[in-house]
**Q** 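Below: one structure in structure tokens.
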There are 2 protein chains.
Amino acid sequence: MTTNNMTKGDRDLENTLDAVRPDDLRLEKFLPYRLSVLSNRVSNAIAQAYGERFDLTIPAWRVMAILGRFPNLSAADLVEQTAMDKVAISRAVSILLRNDYITRSEDLSDRRRQVLNLSELGRDVYERIVPLAQQYENDLMGSLSDDERRQLDSIIEKLMSRAQDWANRGLLDR
Amino acid sequence: MTTNNMTKGDRDLENTLDAVRPDDLRLEKFLPYRLSVLSNRVSNAIAQAYGERFDLTIPAWRVMAILGRFPNLSAADLVEQTAMDKVAISRAVSILLRNDYITRSEDLSDRRRQVLNLSELGRDVYERIVPLAQQYENDLMGSLSDDERRQLDSIIEKLMSRAQDWANRGLLDR
DNA sequence: CGGCAGTGGTTACAATTGAAACCAATCTTA
DNA sequence: TAAGATTGGTTTCAATTGTAACCACTGCCG
């Protein structure tokens with residue numbers, strides 16, 4: 001999968017959209033590219049729905065989604081749960097505080113920590129968004145067969161852990 | 001947007017990470033979220049590889065990937081091929097020109113258009129990146145079974161077209 | 001105790017991205 | 001052929017995001 005065995009002459013022939021060189025990269029079939037396009041399309045559609053209705057960014061909504069299930073978390077706990085970074089969490093939290101969607105209280109046993117929770121209002125919003133989110137997901141999943149749905153789960157899991165490996169010890173030499 | 005059918009008592013029980021309310025959203029199983037995390041991990045790893053070695057952003061590399069297969073395209077053609085927007089293309093092109101990876105020439109039949117091509121240098125780089133890109137892809141795909149690989153292709157296609165529909169006529173009322 | 005390494009969280013600043021305005025060339029149509 | 005509409009492409013400005021520095025507090029070790 002390394003060398004490119006074409007002559008220069010071959011190449012010169014190809015100056016229309018139909019010409020495809022054998023060893024070229026077919027971007028539209030390249031997994032990282034497809035993932036990125038797919039993910040952006042999905043995220044943008046959903047971000048728009050959240051944003052319009054509730055003045056929430058996606059990171060802010062993620063924080064709510066976690067706090068909805070797991071009360072009394074600190075920002076550091078959220079970092080762990082969401083794979084978002086410190087700063088993103090901090091900004092999301094400040095949006096949510098501004099909207100009165102969450103409350104923040106001191107942790108007396110460690111005065112650096114701040115314990116976060118959904119407020120009454122926040123829980124209301126949470127309970128209205130969850131079905132909306134599920135509707136989007138159902139709509140997506142609705143385009144798949146049962147078999148595909150099952151496989152997708154395991155596929156994502158595998159790809160995710162492989163990509164995670166890259167992040168730790170980089171791929172290749174490096 | 002007011003009611004909340006849990007009692008306060010219910011809620012107070014749940015202050016550990018193990019507590020899960022039945023109708024909550026499980027973010028870690030939520031497809032849009034997983035796609036986003038996966039795509040970011042993959043893109044970041046690859047962006048780093050391209051960037052370090054060749055001073056290329058991902059958009060810039062995408063432009064090269066298309067020009068490698070399809071010579072003599074204009075920026076507008078690239079927009080069509082890549083699903084990137086005008087501005088992103090324009091910026092990518094200017095990076096590539098600065099690096100002497102592509103050439104730009106007037107289209108005499110329409111003096112608004114500028115015809116783009118890989119330069120000699122650009123083609124060299126292209127031919128070195130293609131195997132690198134394929135190596136990343138193979139590594140990812142390597143974690144899947146043959147069956148999964150086949151399915152993934154069709155799954156992505158379906159999800160993509162569903163998400164595309166959203167972009168056109170928005171999901172739900174709106 | 002007193003210092004100092006590590007943690008929780010925010011702030012400041014630079015780089016990236018997106019939206020809209022913009023300029024120049026072309027096309028349309030009267 | 002002149003006026004307005006359209007297209008190709010760039011620039012500008014605001015919003016978003018990432019990185020690094022930073023402050024306050026805790027915990028550890030002498």
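Here is the naming used below: chain letters follow the sequence lines, and residue numbers restart at 1 for every chain. Computed over heavy atoms, backbone and side chain alike; hydrogens, waters and symmetry mates excluded.
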**Q** Could I get the full list of side chain to side chain contact (heavy atoms under 4.5 Å, CB included) partners for A:Asp147, not counting sequence neighbours?
**A** A:Ser145, A:Arg150, A:Gln151, B:Gln151

**Q** Tell me the salt bridge (charged side-chain N to carboxylate O under 4.0 Å, His left out) pairs involving residues 86-95 of chain A, sequence neighbours left out?
**A** none

**Q** Going 5' to 3' on DNA chain D, which nucleotide is the first and which the last to come under 4.0 Å of a heavy atom in chain A?
**A** D:dT17 to D:dT26

**Q** Does A:Ser36 offer a backbone N or O that forms a donor-acceptor pair with the side chain of A:Ser39 under 3.5 Å?
**A** no

**Q** Can you tell me which residue pairs pass the side-chain hydrogen bond (donor to acceptor under 3.5 Å, both in side chains) test with a partner in residues 92-105 of chain A, sequence neighbours excluded?
**A** A:Arg104-A:Gln114

**Q** Across nucleotides 6-15 of chain C, 5' to 3', mark each nucleotide with B, S or - according to how protein heavy atoms within less than 4.0 Å reach it.
**A** BBBBBBB---

**Q** What residues from residues 58-66 of chain B pass a heavy-atom cutoff of under 4.0 Å to DNA chain C?
**A** none

**Q** Which residues satisfy the side chain to side chain contact (heavy atoms under 4.5 Å, CB included) test with B:Leu118, sequence neighbours excluded?
**A** B:Met64, B:Leu67, B:Ile102, B:Arg123, B:Tyr126

**Q** List in chain and number order the residues that pass salt bridge (charged side-chain N to carboxylate O under 4.0 Å, His left out) with A:Arg112, two or more places apart in sequence or in another chain; answer none if no residue qualifies.
**A** A:Asp110

**Q** Sequence neighbours left out, what passes salt bridge (charged side-chain N to carboxylate O under 4.0 Å, His left out) with A:Glu137? Give chain and number order.
**A** none

**Q** If a pair satisfies salt bridge (charged side-chain N to carboxylate O under 4.0 Å, His left out) and one of its residues is in residues 33-51 of chain A, list it, with sequence neighbours excluded.
**A** A:Arg34-B:Asp153, A:Arg34-B:Glu157

**Q** Under the side chain to side chain contact (heavy atoms under 4.5 Å, CB included) rule, collect the residues that match up with B:Glu80, sequence neighbours excluded.
**A** none

**Q** For B:Glu106, check salt bridge (charged side-chain N to carboxylate O under 4.0 Å, His left out) against everything at least two apart and list the hits.
**A** none

